[in-house]
Amino acid sequence: MPELPEVEVVRAGLAPAVTGAVITAVEVLDRRSLKRHDPAVGDFERLLAGARVSAAVRRGKFLWLPLDDETAAGDRAGARAIVGHLGMSGQMLLRTPDHPGDDRHARVRLNVEHPEHGELRIDFVDQRIFGSLAVDRMGPTDDGEIAGFSASVTGEWARSIPSQVSHIARDPLDPAFSDDLFAARLARRASGIKRVLLDQGVVSGIGNIYADESLWAVRLHPEQLASSLSRRRTTELLAAVRDVLGRALVEGGTSFDAQYVNVNGASGYFAHSLNAYGRGGEPCPRCGGPIRREAFMNRSSHYCPKCQRRR
DNA sequence: ATACACGCCTGCTGGC
DNA sequence: TGCCAGCAGGCGTGTA
């Protein structure tokens, strides 16, 4: 499901409930959801029992909960975090402990005790199991800047990132995102711009929906060579990406069905605002010509061939 | 460096 | 009603 706006909605919903909370019990209902957990780091359940969560942080589509481990003073070498990725169908549902456990696709449950909110339960629900939870080691960010978006991580600790996320580029809403670096990366790419937007090592957080929407907004053909864009066009594209992601975030994300929901199970409303994605055959809201849907990387691209010309 | 295929999973929809 | 193909918001690996 989730691209940056959807994951941010989840992160923001989780943050007040988990920050400062102690994990009291872990129930793994389906080990397949731990496929990205490296056993060499330790046993998933044992590492988490009794650990305290210090924040909820996000970069692109990855989110993580840094653990306030009891380590020797000043020694963060053993610092760890729970890394979560929602894949295509993952959800994090915030519940009271007595909530009936009737979710068909509940995979992992974290029971926590929060100093103010008391006992809570976080259910990781994931129909397709493309998502995962893992306990991962933290390391320094390669640029020395704050690792990702959160409201509460401060100080040196904020400049640490889970190893599984270290290869992921910053996302366009990250204050430390470098527009120049982005432009330089595009200039070196002899491939279609959509492919590059989807490359999480170039820019993170953008998936199929928001790639199509951003390209529609600036009238770029998905197969236009990234290296052919002028700096001015690159700047316009980046502005469109930020605009689309920002508006989707305000509307609570894009929901086509009950798959994408926030921590309370509620859907977002941005689906009503889509101009190209999922509108194959319908008239382009700008020029009236039919939106085309075509195969792309085992999925689909949606664009207006009339006003998104390839140059 | 880059592109493509494929595996990882489940469930829904449409055509026959 | 059944069956099968195709499709769905993503990522990582392996191969050419």
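Values in this document were obtained by computation on a predicted structure and should not be read as measured data. Values reported hereafter were calculated over all heavy atoms of this structure, with side chains retained and with hydrogens, waters and symmetry mates removed. All chains are named by letter (A, B, ...) in the order of the sequence lines, taking the proteins before the strands, and each is independently numbered beginning at 1.
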Measuring from atom [atom1] of [X] to atom [atom2] of [Y], what distance do you get when rounded to the nearest 0.5 angstrom?
X      : Y      : atom1 : atom2 : result
A:L65  : A:R58  : CG    : CZ    : 13.5 Å
A:L249 : A:L173 : CG    : CG    : 7.0 Å
A:R219 : A:E236 : CZ    : CD    : 10.5 Å
A:R310 : A:I193 : CZ    : CD1   : 12.5 Å

With a 4.5 Å heavy-atom cut-off, do [X] and [Y] have their side chains touching?
X      : Y      : answer
A:V165 : A:I168 : yes
A:S191 : A:V196 : yes
A:L63  : A:V10  : yes

How far, in whole Å, is [M] from [N] if one measures between their [atom1] atoms?
N     : M      : atom1 : value
B:dA3 : C:dG9  : C1'   : 23 Å
C:dG6 : B:dA5  : P     : 15 Å
C:dT1 : B:dT10 : P     : 25 Å
B:dC9 : C:dC3  : P     : 24 Å

- request: Could you check whether A:Y210 gets within reach of a base, just the sugar-phosphate, or nothing at all, counting any heavy atom under 4.0 Å?
  value: nothing
To the nearest Å, give me how far apart [atom1] ([X]) and [atom2] ([N]) are.
X      : N      : atom1 : atom2 : answer
A:Q91  : C:dG9  : CD    : C1'   : 12 Å
A:E294 : C:dC7  : CD    : P     : 13 Å
A:L186 : B:dT2  : CG    : P     : 11 Å
A:L4   : C:dG10 : CG    : C1'   : 14 Å
A:L245 : C:dG9  : CG    : P     : 16 Å

- request: Report yes or no: do A:E6 and A:Y210 form a side-chain donor-acceptor pair below 3.5 Å?
  value: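 Yes, because at least one side-chain N or O of A:E6 sits under 3.5 Å from a partner of the opposite role on A:Y210.
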message: We want to know whether A:K194 and A:S301 form a side-chain donor-acceptor pair, criterion being a heavy-atom distance below 3.5 angstrom.
response: yes
task: Please indicate yes or no: is the ring centre of A:F256 less than 5.5 Å from the centre of the six-membered base ring of C:dG9, with the two planes inclined by under 30 degrees?
output: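 Yes, A:F256 stacks on the base of C:dG9.
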Do any N or O atoms of the protein come closer than 3.5 Å to N or O atoms of nucleotides 3-7 of chain B, and which pairs are they?
| residue | atom | partner | partner atom | Å |
| --- | --- | --- | --- | --- |
| B:dA3 | OP1 | A:S191 | OG | 3.3 |
| B:dA3 | OP2 | A:S191 | OG | 3.3 |
| B:dC4 | OP2 | A:R195 | NH2 | 3.0 |

field: A:R170 vs A:V203, side chain to side chain contact (heavy atoms under 4.5 Å, CB included): CA-CA, chis, key distance, verdict
entry: CA-CA 6 Å; A:R170 291 184 177 279; A:V203 54; over 6 Å; no
task: Please lay out, stage by stage, how A:S273 and A:E251 fare under the test side chain to side chain donor-acceptor pair (under 3.5 Å).
output: CA-CA 9 Å; A:S273 306; A:E251 299 216 34; 3.3 Å; yes
Check residues 261-271 of chain A and write down every donor-acceptor pair under 3.5 Å in which the side-chain atom is one partner and the other belongs to a residue at least two apart or another chain.
| residue | atom | partner | partner atom | Å |
| --- | --- | --- | --- | --- |
| A:N262 | OD1 | A:N264 | N | 2.8 |
| A:N262 | OD1 | A:G265 | N | 3.0 |
| A:N262 | OD1 | A:A266 | N | 2.9 |

task: Establish, yes or no, whether the cationic atom of A:R286 lies under 6.0 Å from the six-membered ring centre of A:W216 and within 45° of the ring axis.
output: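 Yes, A:R286 lies over the aromatic ring of A:W216.
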task: Could you label the plane-to-plane angle of the A:F256 and A:Y277 rings as parallel, tilted or perpendicular, counting under 30° as parallel and over 60° as perpendicular?
output: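 Parallel.
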query: Should A:N111 and A:E27 be marked as a side chain to side chain donor-acceptor pair (under 3.5 Å) after you check the CA-CA gap, both sets of side-chain angles, and the distance that decides it?
result: CA-CA 8 Å; A:N111 292 278; A:E27 298 169 66; 3.3 Å; yes
Contact letters for nucleotides 11-16 of chain C, in which S counts primed atoms plus P, OP1 and OP2 and B counts the base, heavy atoms under 4.0 Å: SS----
statement: Its contact letters, B for base, S for sugar-phosphate only and - for none at protein heavy atoms under 4.0 Å, make nucleotides 9-14 of chain B read BBS---
field: A:D212 and A:H302: CA distance, side-chain angles, deciding distance, side chain to side chain donor-acceptor pair (under 3.5 Å) verdict
entry: CA-CA 6 Å; A:D212 283 356; A:H302 313 76; 2.8 Å; yes
task: Within residues 211-221 of chain A, find the residues that approach DNA chain C with a heavy atom at under 4.0 Å, and present them sorted by residue number.
output: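 Hits under 4.0 Å, by residue number: none.
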task: Go ahead and write out DNA chain C as dot-bracket, 5' to 3': ( ) for pairs within the strand, [ ] for ones crossing earlier pairs, | when the partner sits on another strand, dots for unpaired; Watson-Crick or G-U wobble, both distances under 3.5 Å.
output: .|||||||.|||||||
